[in-house]
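Contents: one structure, followed by commentary.
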Amino acid sequence: MPSVTLGARPGRDELDPVLADAPSRVIVRGTDGDLAAVLVRLLRKELLGAVEVAFVPSGRSPAARAWGLPSRPADAGRLALAGRATPVPLVRDDAGGVLAGRGEIRDLHGEAYCDATRVLNGTVHRLRVEAGPDGVSVLGDRGVHAATGRALQIGFTGARVTHDGVEHPREVTRWAWYRHTEPWLLVRP
């Protein structure tokens, strides 16, 4: 299997030449942010349903845990090479990104709804969200009610959003994570 080494969170200039030949499977060895970067390019190039994605995490990975993937590199590598891909929900955000594992907003004052369920109203230390087989999951915490659904919409006074270990470049006052209409193909047990 051909191998290409790319930088952290590769962008269009690095990924498009790799995807130009429309490989049947891409193995991402890296962080959750690296996996999200690859998924963004597959989404933008309309290859979500054509290219299988395997993930070998290089360290702690909320994405691997959320999707039931092995955390040990040797086990994840074996699965990446020999596993079968199945369609799973793609979670997007309203800033053009993808959530592969976990998102977080800290020191938040606002209101949030997961579908029709109000999960937050007031001030909390953090709001944590995970992508997974059921869509978008809000993790319960002090002042935050757990819920799972198709979308999470949040309005707040201003904070920084972190998704898959990458901080959004500017403070925002609203954010949404939602299940995309098309799944991606994840190699998993």
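Below, each value reflects all heavy atoms present in this structure, side chains not excepted, and no hydrogens, waters or symmetry copies.
Residue Ala100 comes nearest to Leu39 through the heavy atom pair CB-CD1, 4.3 Å, listed as atom of the first residue, atom of the second, then distance. The shortest heavy-atom contact between Thr123 and His109 is OG1-ND1, 2.5 Å. For Ala131 against Ala66, the heavy-atom pair with the smallest separation is O-CB, 3.3 Å. For the residue pair Ala64 and Pro70, the shortest heavy atom distance occurs at CB-O, 4.4 Å. When all heavy atoms of Pro89 and Gly135 are compared, the closest pair comes out as CG-N, 4.2 Å. Nearest heavy atom pair, residue Phe156 against residue Ile154, reads CD2-CG2, 3.3 Å.
Electrostatic pairing of Asp141 and Arg126 counts as a salt bridge here, judged by a charged N lying under 4.0 Å from a carboxylate O. A salt bridge is absent between Arg128 and Glu104; no separation between the charged side-chain nitrogens and carboxylate oxygens falls under 4.0 Å.
Between atom CG of residue Leu152 and atom CG of residue Asp115 there is a gap of 9.0 Å, rounded to the nearest 0.5 Å. Here the CG-CZ distance, from Leu127 to Arg106, works out to 11.0 Å after rounding to the nearest 0.5 Å. For the atom pair CG (Leu35) and CZ (Arg9), the distance works out to 13.0 Å, reported to the nearest 0.5 Å.
Residues Arg118 and Glu111 have side chains in contact (heavy-atom distance under 4.5 Å, counting atoms from C-beta outward). In this structure, the side chains of Val56 and Leu69 stay at 4.5 Å or more apart for every pair of heavy atoms. Side-chain contact between Val144 and Leu139: absent, with no pair of heavy atoms (C-beta onward) separated by less than 4.5 Å. Under the 4.5 Å side-chain criterion, counting only non-hydrogen atoms from C-beta, Val91 is not in contact with His180. The side-chain heavy atoms of Leu185 and Val51, taken from C-beta on, include no pair separated by under 4.5 Å. The shortest distance between side-chain heavy atoms of Arg92 and Leu43 falls below 4.5 Å. Inter-residue side-chain proximity for Val28 and Val53 is flagged as met; some heavy-atom pair is nearer than 4.5 Å. In this structure, Trp184 and Val88 have side chains that are in contact, with non-hydrogen atoms separated by less than 4.5 Å.
Residue pairs satisfying the side chain to side chain donor-acceptor pair (under 3.5 Å) criterion with at least one member in residues 144-158, sequence neighbours excluded, are listed as follows: Ser137-Thr148. Evaluation of the ring pair (Phe, Tyr, Trp, His ring centres under 6.0 Å) test over residues 11-61, restricted to residues two or more places apart or in two chains, returns none. Within the structure, side chain to side chain donor-acceptor pair (under 3.5 Å) contacts touching residues 58-74 (residues at least two apart or in different chains) are Asp32-Ser61, Arg65-Glu130.
Trp175 has its ring centre less than 6.0 Å from the ring centre of His168.
Without hydrogens or angle criteria, Asn121 side chain to Ala112 main chain gives no donor-acceptor distance under 3.5 Å. A side-chain donor-acceptor contact under 3.5 Å links Asp93 to the backbone of Ala95. Panel note: side chain Arg160, backbone Pro169; a donor-acceptor pair is recorded below 3.5 Å.
Hydrophobic cluster membership differs between Val166 and Val40, with clusters built from Ile, Leu, Val, Met, Phe, Trp and Tyr side chains linked at under 4.5 angstrom. A chain of hydrophobic side-chain contacts below 4.5 Å, direct or via other Ile, Leu, Val, Met, Phe, Trp or Tyr residues, connects Leu90 to Val26. Following chains of ILVMFWY side-chain contacts shorter than 4.5 Å, one cannot reach Tyr178 starting from Leu120, and the two form parts of different hydrophobic clusters. In the hydrophobic cluster analysis, where Ile, Leu, Val, Met, Phe, Trp and Tyr join through side-chain heavy atoms closer than 4.5 angstrom, Trp177 is grouped together with Val124.
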Might you work through the side chain to side chain contact (heavy atoms under 4.5 Å, CB included) test for Leu48 and Glu46, ending with a clear yes or no? CA-CA 6 Å; Leu48 287 174; Glu46 299 181 357; over 6 Å; no

Give the C-alpha distance, both sets of side-chain angles, the deciding distance and a yes or no for side chain to side chain contact (heavy atoms under 4.5 Å, CB included) between His163 and Val98. CA-CA 8 Å; His163 44 92; Val98 168; over 6 Å; no

With side chain to side chain contact (heavy atoms under 4.5 Å, CB included) as the test, would you mind laying out the steps for Thr31 and Asp164 before giving the verdict? CA-CA 8 Å; Thr31 66; Asp164 294 318; over 6 Å; no

Take Leu79 and Val187, measure what side chain to side chain contact (heavy atoms under 4.5 Å, CB included) needs, and give me the verdict at the end. CA-CA 7 Å; Leu79 176 65; Val187 176; 4.2 Å; yes

